[in-house]
Amino acid sequence: MGGKLIVFEGVEGGGKTTQIELAKAWLCSRLGEKVPVVVTREPGGTGLGKKIRQLLLEEEEERIGDRAELLLYAADRAQHVSDFLQPWLDKNALVLCDRYTDSTIAYQGYGRGIDLNLIRQLNEIATGGLKSDLTIWFDVEVEIGLSRAKKRGASDRIEQTEIAFHRRVQQGFAELAATSKSRFVRVDANLPVNQVQQQIQLFLQEFLFTHGYSEISAIS
Ligand code: T5A
């Protein structure tokens, strides 16, 4: 069957971190121990990645230039693919990943204005061509997402960027969803946690069925 990469994407505060854990628990309850289910994130899914994450998100006196930022995300991803994602996929795991290549298109491309083709090439280099099998897009209004993130605690470097930037990022995800319909699904992330969770479970149920996991579990 091979492992599968399921990515959670969207603007700040959409609820990805909350829902990825709920999705893991639900998948484990459906699949038992026969299929490993692992959770990871970008940036920061490896030891090197944790150091890169710190560089990217902590507020420093020296401003990180847009291209330097792009390359740091790419370095994090290259390490993540080779040391975490691919090894788990080779073990036939379901890998749930908080952000992946589409975040770079949306944030560094639509948000910062870096050429989209250049980013696609860089994504290709960093991933060696590894693509998500399913991308769940958390479509939340920018203001709602930012206020949730703010309530949670101190904002990081990117959350502090002006609102127009976050609107461009949102536009990026909307365009990606419209042009990559075969792997993108949209959840209405403005809704309460349990309703977002229900939408995700329906998509995951369909995904498991389509990819032959129904033979492993009690999925009907
Ligand atoms: N980035 C990343 C790039 O610019 N380029 C890239 O290539 C990549 C990979 C990562 C930053 O890096 C940028 C994007 C980001 O700015 P991060 O800390 O991982 O930083 O940021 P996020 O992924 O945005 O994580 P957040 O924690 O901010 O948002 P989440 O995970 O979407 O939301 P979550 O679950 O933490 O929820 C936030 C708060 O809202 C509550 C939660 O309890 C929590 O308090 N909440 C809800 N409240 C009401 N209703 C709901 N439905 C709720 N769901 C959650």
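When a ligand or atom number is given, it counts from 1 through the structure's own listing order.
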Exercise. Name all pairs fulfilling the side chain to side chain donor-acceptor pair (under 3.5 Å) condition that reach into residues 106-118, sequence neighbours left out, sorted by first residue then second.
Key: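 For residues 106-118, and leaving out neighbouring residues, the side chain to side chain donor-acceptor pair (under 3.5 Å) pairs sorted by first residue read E12-Y107, E69-Q108, E69-R112, R99-Y107, Y110-E175, N117-R120.
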Exercise. For side-chain contact (heavy atoms from CB on, under 4.5 Å), just list the numbers for L27 and L96, CA-CA rounded to whole Å, side-chain angles, deciding distance to a tenth of an Å, and then say yes or no.
Key: CA-CA 10 Å; L27 285 166; L96 309 183; 3.9 Å; yes
Quiz item: With a cut-off of 6.0 Å (strictly less than), are more than 12 heavy atoms of other residues, nucleotides or ligands near CD of E162?
Solution: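 Counting neighbours around CD of E162, more than 12 heavy atoms of other residues, nucleotides or ligands fall under 6.0 Å, so yes.
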Quiz item: When you look for protein heavy atoms under 4.0 Å from ligand 1, which residues do they belong to?
Solution: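 Only E12, G13, G14, G15, K16, T17, T18, E42, P43, R53, L57, Y73, R77, D98, R99, S103, T104, Y107, Q108, R148, R152, D156, I158, E159, L191, P192, V193 have heavy atoms that fall under 4.0 Å of ligand 1, ordered by chain and number.
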Exercise. Please write out which residues are connected to I163 in a hydrophobic cluster, directly or through intermediates, given that two of Ile, Leu, Val, Met, Phe, Trp, Tyr count as joined at side-chain heavy-atom separations below 4.5 angstrom.
Key: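 Via sub-4.5 Å side-chain contacts, I163 links to V142, L146.
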Exercise. Could you tell me whether the side chain of H80 and the main chain of D76 form a donor-acceptor pair under 3.5 Å?
Key: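 Flag not set: sc H80 to bb D76 has no pair under 3.5 Å.
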Quiz item: Listed by chain and number, what are the side chain to side chain donor-acceptor pair (under 3.5 Å) partners of E206, not counting sequence neighbours?
Solution: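 Partners of E206 under the side chain to side chain donor-acceptor pair (under 3.5 Å) test: none.
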